[in-house]
Amino acid sequence: MNGFHTLFVMPILFVASAKGCCWTHGGCFSTYTCCATYSAGPNSIVLDWNRIYLINMNDSTVTKLVVDIPRQSSESFQIDYHQTKSYIYWVDPFYGTMHRTCYPCYDNERMIEEIVPKSSLYHPISFAIDSEHDHIYWSDRNYNAVIRSNLDGLNETVIINSSFGIGHLTIDQKQSWIYFMDDEIGSIERCSLDGDDLVTVISDSVMTKKSRILLDFDGGRILWSVRNMIRSAFFNGSDVQEIKGHGYRYSWYSINGIAVHNDYLYYTDNWGRYVNKVDRFGSNFARAALVHNSINDLKIYHGRVVKDPCVTHTKLVNAEKRSTGFFADWTSEESISDDILEEGWYRIYTDNGDDMPTRQLPGTKFCGTTNPFWLNGTLPTFKDGNMTVEACMQTNQSICEKSVYIMIRNCDGYNVYYLRPTPAYSAYCFGSGPVHCPGSMSSETEYYPGCSSNYPTDTVTVEVEALLTEGEIVPIPIVDPTPSLIPIFKCQFEDKSNGSYAYDVYWLICGNVIKYNTNLLFKDITDAIILKETDWHDTHKMNMESDRTYYTVTEGESINITFTSTVPVGCISSHPVFRSQCDLNFYLSQPYYGASTCINNVIKRDIVFKTEFCGIRVGNLDWMEKRTLQVYGYNDGMYNTNNRYAYIRLSTSSKYISTQNNIWRDVHINQIRVNVVDKDSVLKNRLCQSYNDPHFRTFDGAYYDYMEVGEFVMYRNDIGPYWVHALFTSCGSRFPGTSCICGIAIRSKESLFVLRTCEKISRTEKYLLQQPVVSLTYCNKTDMVIENTNNNYKIILPIATEIQFSIARRFISVISIKPAVKDINTAKGLCGVPSTSKDPSDDFTHRDYGPINDGQIFADSWRAGISQNTDNNANNSIVIVDNNQNNLDLATYCSCDHPYWSTDPLDDVNSVQCNLTESTEQCSEPSNSFDSFVQYDSCFQPLPQPQRKRRSINFPHKISKRSLNNNDDVVDFKPLIYSDDVNGTEIESPATFRNGWTSDGAYTICFNSINDALQNDMYKDYVDAPVDKFIEACVKDIEVAGDTTFLTDTVNAMVTSILTELVKTESLYTKKSADGSQTLLEYFASELCLNNCNDNGLCKSGVCSCDNGHVGEDCSYNTTSPPTGISLPFDGECKLTIRACETINVFGEFLTTSVWCKRRHFQILENELLYTPRDELVLAKYRNPFMLTLNLPASRKKRSVNKAVWSEGYDISFSYDGQNFGEETSIIIYDDLKYSCNTTTKTCISLIVDESADETDTKKDVIMILAPVAVSVVVIIAIIGVVCFKLMTKASKAKIASYGDEPNQKTTSSNNQKERENTVSELEFNLEETTDVNVFAMQCAPRKENIDVWNGGYKTSK
């Protein structure tokens, strides 16, 4: 006879172990849980999908109180109980219903009573029972309020409302407080039981309405759940701590129940059936209990407890032979007799079920006995509680010869029986069906009868291998046909019988039989041991598991996550060429990402990926090789309240899955959690500042004064590159020996922002421009974000570094630079080197020689254009780095925020989500932000042309620059020049106290002014402002100035340092002020406006919102006074051969964005000036505080009284209130080939000879020919003059560059030759002024370029 083996085969990717529990029919039993003996101890009530349990937390004993709770949604129910009355309540937040049951009780045991029906006007989503006052408090979805009612749900009263909805709530009965979750910002609020004394206790933006709140009175803390974590804090909201749930690695894992007792914390989650147990620190994890389904909520139960027979009973084990399907073979079996049975409660353990037969009578000699007992009645339901039923003894003479009465209790999944002894040779029947042979025996059917030990007992080890097999041939043009390759699973095992055994082969996935074949000899088993995709894909998905599903990364740093496929990738052909082209893409996304939000102009994210596209590619030939995904912690530029986290999801696209790879379609891959550790916090209170005359503060807190003039490098980080240069000049003759900032240039990669207020650099005098020069040269709008409010600017670089500066008295009063994570140990300059430990000892880092002690020598080394190290090429030229190739810090990053949908073109997805050059992304700029400045495109280079001579930066004439987007968008300004006194060796010492000032008097006024601005130190918990240093600087300023000229600027510098820290403190965006009307950030910022807005406006976010009739940064300017300093480019002349003359830029000082223009049109005739009858009143377009743009209507030229119109123009004046206008200035629009006009006299002269005489035609031709020749001669002479002038000024320029860098005995030898780098302030276009700028818009320039910052241009290097 052939032997017989049964194989159960499961693919390794589909194995899922499932432990049964004692409520499952069929004998699936776990001794860990509900079958333990009952004992006293701490108890909890637990609510799962549709049951309520009482669980003893000492021995994990489980008692079911309610079953079959109706529900039709996945929302978690919540539970609570009355501590003195026998009621347990629960809420269904989906339907908004509330029910209760009686426990412990006897009359209405296990019955359910409805308190708030679905038809009610109310919709409870969370609730708490007030046992002291017999009230129910619930949060209501319909009313966005907390409602109070009696215990029967009647007499409803609204306690407190919320505009955005209320989530979970709980009660402190002793102190009469309600704690509830407010969904507006994600906070825990507290109020009295009557709704009074509302305060914000906890602010946590990650909280949702599903978060749970628990009051731990023994530990003195509030606990709340945030997705898959538990956070806690003291009752005042301080000392926030975090405990990770046991399933924190999984994105779907969410904690939904919290309880504490003694030293232990108990919690449940939406995924598991366990009550988990840890200590108060989150350690020593253990399973406390197991229930039937995923748990919704739990509470520690302090009420009365009664013993339940479902828990306290005697076990009848191995009772399979009591089945109605077992016939007693008296030759080998011993008859069962219950005459010796002790009276009591019993639970039956058998693989055949524990139900007593009720209808199909077993018959004598069945159930392992001579006379079996059956049930003459019905089995109870759970709601029936204890049921008394007659049990009858069947004999050959009668079906109920004798009877006994027993009790039966339904325990939801099994029954317990109160049994009494029966007559001899009789026994109770339990279960039905055939009885399986014991483990050491078998039979042809594997069941009784016929069980014998004469059957094979060999053990066969089975392994499942994933491999490729040949499939159908897919026709491919011009290629020899080859079979396709398809992934399959194959069962591998050894036939130990040499062909004598027959096998049953079962393929199982997650315990379900997918395919089976029986009674096969080994030689016939080939097809049975193969599992194809078509066998299972309609009902199951393939599962990919990773070794780790939880990682941690620090902001600005990266981790590598590796993936290895254990299943091959199919291919349309087995030809080697095609196999190298066959691959499968797994697409990356971040579930639960939500909409992008902006905080402090940085998009809120958690992680980004350094990868070619949002996915991982697995090939047919290399599918078994590891794939590495590089994940970066996203720099959000904020001091995070808690660590952030994100989930990574990999998925396949149904659209691009080939037939050969159907096995991979809709694959299920566990999500990966990445925890992001905040690093920005190490830069808290780290700010570089230069202000007033000037005082310096480095990133790490070193303070020094430096009074030199010229151009200096304040900040330089070459990974971009990112630079900040500053210009210093004399503060004026009133302030001897001082210097003030008159220019700032900010470079971000290939873009450049410039603001300059000075015309000439001098040691003794100030030479300020009538209007500041403001320009922007950009290649990519993501290179910087520019904010401008009044005279304050804020520029954010792609690495989240922030530069702020303010303008006062035509100087830049303060420059503040807030470093980012990528500046740590990388940035340098006058701001020093930011370190992780705030170590100021290395802040005086010399440009070439590293840290030194001499602050003067350190600062001198950072003069732009000077390097003492001849081998340091980085300092000898200005080079723009090729971002994506040469600089590893600036490779492409992908955000992969959203999943790749099958309808989206892949290129479109990648272009949107893989366009980041930093691990930080700025918010999209408003459309008009870049329009605030005249722009020159840095990417473009001029067409090839003959070499032209450079113009000296000291050449005494104006520079004209025109936007490449609009030839009317022009500015003209004087180039930066240096005074001869810059090279002087004698430096005047700063003045001492005068004008009646003393050191004590200066200290008093500084102390009072600065402390008044601090508003009683209200920010001290969040900002460590160096108040003493600001007071010290203020006293020095009064000493050198002899007055309080710089006092307001000092206060502004301090306010800037405070606001810079506040806007980076994440918790302030959610914490509320005492009255709950605004966030703490809004509250703090409302106290930080300049001069408190002079009581002429409201302070909002640190900016004055002026009342009607007032404008200006501090609302001190009355709108009845018009704008000042009005001027026009080229003195108002607009030449039609150069410009379209459809708009004109207007320069001045504009204190608000709403500026009215009174415009009056005129025409210039040969001997006459004609005005239109009426003025026009229009709003000018505000560009920035120093420039407007005014539209010029279409030409109105026409002949008047048979006279030709030579030109036209406008008289314009400006006003803030539309009534009080300033002085008029004029614009003349004319054809400069025909006329020459003057805006002052409003006259023109003709350049055309009279055409009336034929005789003059020849003369006209001669004139038209000779005129260009004459002009050419003049141009040649001018060029020669320029060359000579350059040669003459070369020596003086060299002197300027070397000023202040005399050889120092400490650092250099006397023969050490200095080399000069190209300074930012002397580079410009290598073209003459009159060149048509449109020639630059042809193609992108090389990556290496020189930049003329102060004069607004680029020069391509050779």
Side-chain angles (χ1 to χ4, degrees), residues 689-696 704-712 714 725-744 755-774 791 805-815 830 859 863 954 956 973-997 1002 1005-1006 1009 1033-1053 1090 1113 1124-1125 1127 1147-1149 1185-1186 1296 1299-1300 1321 1350:
Q689 284 189 309
S690 175
Y691 58 98
N692 295 353
D693 51 353
H695 309 290
F696 286 87
Y704 65 98
D705 295 334
Y706 184 66
M707 307 295 187
E708 280 293 349
V709 298
E711 179 185 348
F712 289 85
M714 284 194 64
H725 285 205
L727 272 180
F728 298 87
T729 189
S730 171
C731 299
S733 57
R734 290 179 48 224
F735 314 105
T738 63
S739 64
C740 288
I741 308 171
C742 68
I744 183 171
L755 189 147
R756 173 165 62 90
T757 66
C758 55
E759 175 185 348
K760 181 190 293 187
I761 303 299
S762 171
R763 287 191 180 280
T764 58
E765 299 289 342
K766 62 178 179 181
Y767 299 93
L768 300 179
L769 292 165
Q770 181 180 359
Q771 294 300 331
V773 176
V774 187
N791 287 330
F805 64 91
S806 301
I807 300 172
R809 306 178 316 282
R810 295 295 180 87
F811 285 112
I812 296 175
S813 59
V814 58
I815 297 176
L830 293 179
R863 182 184 294 276
N954 289 333
F973 53 85
K974 294 181 179 180
L976 179 68
I977 59 177
Y978 283 77
S979 174
D980 290 338
D981 65 15
V982 171
N983 295 309
T985 57
E986 295 184 3
I987 302 175
E988 189 174 2
S989 299
T992 58
F993 286 109
R994 59 193 184 279
N995 299 334
W997 284 98
I1005 191 68
C1006 291
S1009 299
C1034 174
V1035 172
K1036 290 181 180 179
D1037 293 337
I1038 293 177
E1039 180 179 9
V1040 300
D1043 56 30
T1044 57
T1045 297
F1046 297 106
L1047 177 57
T1048 299
D1049 300 334
T1050 303
V1051 173
N1052 184 42
L1090 182 63
E1113 185 177 5
T1124 59
S1127 64
F1147 308 126
E1149 293 189 20
F1186 312 107
I1296 293 173
Y1299 171 77
S1321 56
W1350 309 116

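Numbers for residues simply follow the sequence, beginning at 1. Please read these numbers as outputs of a predicted model, since none were measured by experiment.
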Original post:
Does a salt bridge link K766 with E759, judged by any charged N lying under 4.0 Å from a carboxylate O?
Top reply: no

Original post:
Among side-chain atoms of T1050 and N692, is any donor-acceptor pair under 3.5 angstrom?
Top reply: yes

**OP:** Evaluate the ring planes of F696 and Y704, with Trp represented by its six-membered ring, and classify them as parallel (under 30°), tilted (30 to 60°) or perpendicular (over 60°).
**Re:** parallel

Subject >> Closest non-hydrogen atom pair, A1041 against R994 >> reply: O-NH2, 3.1 Å

Original post:
Sub-3.5 Å donor-acceptor pair from the side chain of R810 to the main-chain atoms of P772, do we have one?
Top reply: no

Subject >> S690 side chain vs I815 backbone, donor-acceptor pair below 3.5 Å >> reply: no

Subject >> ring-ring contact (aromatic ring centres under 6.0 Å, His included) evaluation trace for Y706 with F728 >> reply: CA-CA 10 Å; Y706 184 66; F728 298 87; 7.6 Å; no

**OP:** Evaluate the side-chain proximity of Y978 to V709: yes if any heavy-atom separation is below 4.5 Å, no if none is.
**Re:** no

**OP:** Go through the steps for I812 and L755 under the test side-chain contact (heavy atoms from CB on, under 4.5 Å), then give the verdict.
**Re:** CA-CA 9 Å; I812 296 175; L755 189 147; 4.2 Å; yes

Original post:
Quick one: salt bridge (charged side-chain N to carboxylate O under 4.0 Å, His left out) partners of K1036, sequence neighbours excluded?
Top reply: D705, E1032

**OP:** Locate the shortest heavy-atom distance separating G1125 from Q770; write the atom from each residue and the value.
**Re:** O-NE2, 3.9 Å

Subject >> Result of checking I977, L769, T729, L976 against K760 for side-chain contact (heavy atoms from CB on, under 4.5 Å) >> reply: I977

**OP:** Check A808 against S813 and note the closest heavy-atom contact, atom names and distance.
**Re:** CB-CB, 4.0 Å

Original post:
Under 6.0 Å between ring centres, would you say that holds for Y691 and F805?
Top reply: no

**OP:** Look at E711 together with R863 and state whether they make a salt bridge at an N to O cut-off of under 4.0 Å.
**Re:** no

**OP:** Please report the C-alpha distance between D693 and D1037 in whole Å, then the side-chain angles of each, then the deciding distance to 0.1 Å, and finally whether the side-chain contact (heavy atoms from CB on, under 4.5 Å) criterion is met.
**Re:** CA-CA 7 Å; D693 51 353; D1037 293 337; 2.7 Å; yes

Original post:
Partners of E1039 by salt bridge (charged side-chain N to carboxylate O under 4.0 Å, His left out), sequence neighbours excluded?
Top reply: none

**OP:** Please determine which of T1045, D1049, T757 meets the side-chain hydrogen bond (donor to acceptor under 3.5 Å, both in side chains) test together with R809.
**Re:** D1049

Original post:
Can you tell if the side chain of N1052 reaches within under 4.5 Å of the side chain of S806, non-hydrogen atoms only?
Top reply: yes

Subject >> Flag for S762-D981: side-chain donor and acceptor within less than 3.5 Å >> reply: yes

Subject >> Full working for side-chain contact (heavy atoms from CB on, under 4.5 Å) between T1044 and I1038 >> reply: CA-CA 6 Å; T1044 57; I1038 293 177; 4.2 Å; yes

Subject >> Worked check of side-chain contact (heavy atoms from CB on, under 4.5 Å) between F993 and V1035 >> reply: CA-CA 10 Å; F993 286 109; V1035 172; 4.0 Å; yes

**OP:** Check I761 against G710 and note the closest heavy-atom contact, atom names and distance.
**Re:** CG2-N, 3.9 Å

Subject >> Side chain to side chain, L768 and F811, heavy atoms closer than 4.5 Å >> reply: yes

Subject >> Side chain to side chain, S739 and S730, heavy atoms closer than 4.5 Å >> reply: no

**OP:** Give a yes or no answer on whether the side chain of Q689 reaches the backbone of A1053 with a donor-acceptor pair at less than 3.5 Å.
**Re:** yes

**OP:** Please answer whether the main-chain N or O of C1006 pairs with a side-chain N or O of S1009 as donor and acceptor at a distance below 3.5 Å.
**Re:** no

